[in-house]
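Reviewing the structure listed below.
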Number of protein chains: 2
Amino acid sequence: MAHDNETEIYRAIKQAIIEQKLRPNVQLVEEVIAESFGVSRTPVRNVVRRLANEKLVVIIPYRGAFVACPTVVEAKEVFEMRRVIEAAAVRNVCRTLTDAQYRELKRLLAEEHEAQHRGDKLGAIQVTGDFHLRLAEFSGNSYYSRYLEELLSLTYVIMALYGEQRMKCCQDHEHILDAIRERDSAEAERLMEEHLRELEGTLDFKEAEDSPRSLADIFKNERLVSARK
Amino acid sequence: MAHDNETEIYRAIKQAIIEQKLRPNVQLVEEVIAESFGVSRTPVRNVVRRLANEKLVVIIPYRGAFVACPTVVEAKEVFEMRRVIEAAAVRNVCRTLTDAQYRELKRLLAEEHEAQHRGDKLGAIQVTGDFHLRLAEFSGNSYYSRYLEELLSLTYVIMALYGEQRMKCCQDHEHILDAIRERDSAEAERLMEEHLRELEGTLDFKEAEDSPRSLADIFKNERLVSARK
DNA sequence: AGATACAAGATTGGATACAATCCCGAGCGC
DNA sequence: GCGCTCGGGATTGTATCCAATCTTGTATCT
């Protein structure tokens with residue numbers, strides 16, 4: 001597979017969702033995507049279905065595929081799962097981290113710091129995600145990275161929906177990496193969970209509690225408003 | 001979606017793999033499956049791709065789809081992941097178990113006991129899986145059940161490959177359920193991890209260490225055999 | 001005026017036809 | 001006899017075509 005068409009389309013759509021070029025609830029019309037990539041609908045369909053499996057888009061039969069719009073409950077599920085998986089992953093990494101891996105993680109933190117310094121929020125978020133993902137990859141169990149990749153994509157969408165844009169977790173990451181370096185798995189795990197809890201804590205679920213999730217919800221609210229008048 | 005064709009095909013293939021009617025490394029020829037279901041290749045392709053995402057089959061481009069044949073390393077990854085996920089799930093269940101849920105789990109244990117008593121190994125294994133899956137569903141976080149369903153299917157294949165056929169975990173399950181009933185989350189978690197470790201321990205990785213993993217390996221062995229003659 | 005029935009447009013879902021790729025064996029040259 | 005090349009058969013991958021379904025706009029009836 002020299003350079004796979006489907007993979008290319010997959011990455012492009014996923015990236016567009018992550019970068020918020022494709023906002024939640026936006027419809028992904030197969031033919032439009034197909035034309036813009038110069039292929040037929042078939043591979044696009046495959047990619048969309050794959051994204052649906054990862055819960056990044058929602059398919060409504062005979063209606064279309066829409067960028068997912070996670071509810072507050074779903075968002076909390078994602079973060080809980082991340083805590084479970086990443087805590088276990090970081091425990092593993094404490095046992096196995098090599099010097100080369102440490103340097104790479106250190107490099108990512110530097111990148112993150114730099115991106116944050118020059119105000120590149122999108123870049124900072126991406127690098128942050130890469131840090132977590134790389135950590136999971138270093139855990140020596142492919143499932144950690146497989147599942148985390150899915151959860152990370154959803155995290156991006158969730159942060160776009162409910163998040164403040166300022167991130168201040170650079171310190172957290174350094175502390176985690178230090179603990180790993182010291183082989184202190186209990187502390188590393190604790191820091192990781194705390195870090196993810198903080199990240200979840202920066203989200204504003206209150207205000208967006210009744211953010212329109214589906215069109216039906218929008219109509220429901222409309223009716224209530226006019227009934228009250 | 002009254003009764004979805006694709007879901008039906010998906011369940012059938014998955015069930016066949018679980019029941020070992022489709023053994024590891026067997027090729028899933030799209031047209032054959034399509035004909036036996038009276039549909040075209042299109043929905044079959046979708047199902048096969050989905051199974052590939054779940055690592056239950058492996059797709060080799062322009063060659064075909066084959067029932068997965070997990071290596072020893074992959075098998076250990078699956079069990080490690082199950083420990084992480086199910087430990088967390090059972091912790092949650094300790095906080096939220098209702099009477100109705102308890103009765104259902106109790107009923108599953110009775111079914112398991114009965115199936116084991118009449119020597120229905122396949123049925124016992126299935127019910128055992130249902131117990132674990134139901135537990136995950138009761139955890140209140142859909143990701144536990146989503147991921148566990150995937151890991152369970154792979155567990156079936158792994159046990160078919162490396163497993164002794166006798167299972168003796170009925171007691172384990174009852175102890176776990178008791179601990180949950182007592183709201184003793186630490187104990188329940190410990191028992192669950194121990195149970196999964198025991199299950200992994202019954203597998204015989206040594207003997208099957210060099211079991212053929214891919215078709216290429218099979219062919220390689222064939223050649224060696226004929227070369228030896 | 002409001003509601004309902006119907007038709008047109010748009011989009012997806014599935015079937016079919018064709019192209020691309022791989023495996024394998026026969027034939028050829030050395 | 002051995003290796004290489006080329007062609008046949010099988011299977012997957014992609015494009016295209018038609019059917020099924022949903023949405024929306026319009027006309028008609030009350």
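Reminder, nothing fancy here: chain letters follow the sequence lines and each chain counts from 1. It should be emphasised that the depicted structure is a prediction, and the values quoted were computed from it without experimental measurement.
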>> For A:Glu200, is there an ion pair with A:Arg82 - N to carboxylate O distance below 4.0 angstrom?
In response: no
> Expressed in angstrom and rounded to an integer, what is the separation of B:Arg45 atom CZ from D:dT12 atom C1'?
Replying inline: 6 Å
>> Using a 6.0 Å distance limit plus a 45 degree cone around the ring axis, check whether A:Arg50 lies over the aromatic ring of A:Tyr10.
In response: yes
> To the side chain of B:Glu30, which of D:dG13, C:dG14, C:dT12 is closest?
Replying inline: D:dG13
> Rounded to the Å, how far apart are B:Glu35 CD and C:dT16 P?
Replying inline: 11 Å
>> Could you tell me how far apart B:Phe37 (CZ) and C:dA15 (P) are, to the nearest whole angstrom?
In response: 13 Å
> Is any NZ, NE, NH1 or NH2 atom of the basic residue among A:Glu111 and A:Arg107 found under 4.0 Å from an Asp or Glu carboxylate oxygen of the other?
Replying inline: yes
> Over how many whole Å does the gap from A:Ile59 atom CD1 to C:dG14 atom P extend?
Replying inline: 11 Å
> What nucleotide, of C:dT12, C:dG14, D:dT14, holds the atom closest to the side chain of A:Arg41?
Replying inline: C:dT12
>> Between C1' on C:dA10 and CD1 on A:Ile60, what's the gap in Å once rounded to a whole number?
In response: 16 Å
>> For B:Arg63, is there any backbone N or O sitting under 3.5 Å from a side-chain donor or acceptor partner on B:Gln27?
In response: yes
> Starting at CG of A:Asp4 and ending at P of D:dG13, how long is that distance when rounded to a whole Å?
Replying inline: 10 Å
> Given C:dT12, D:dT12, C:dA15, which nucleotide is nearest the side-chain atoms of B:Val39?
Replying inline: C:dA15
> Taking N and O atoms by type only, does the side chain of B:Arg49 place a donor or acceptor under 3.5 Å from a partner on the base of D:dG13?
Replying inline: no
> How long is the line joining CD of A:Glu6 and P of D:dT12, in whole Å?
Replying inline: 15 Å
> Is the shortest side-chain N/O distance from A:Ser40 to OP1 or OP2 of D:dA15 below 4.0 Å?
Replying inline: yes
> B:Leu28 CG to D:dA10 C1': how many Å, rounded?
Replying inline: 16 Å
>> Is there, by distance only and without an angle test, a donor paired with an acceptor across the side chain of A:Arg63 and the base of C:dG13 below 3.5 Å?
In response: no
>> Parallel, tilted or perpendicular: which one describes the rings of A:His132 and A:His173, with boundaries at 30° and 60°?
In response: perpendicular
> Relative to the 5' end of DNA chain D, which residue comes earlier, A:Gly38 or A:Tyr62, by the nucleotide with the nearest heavy atom?
Replying inline: A:Gly38
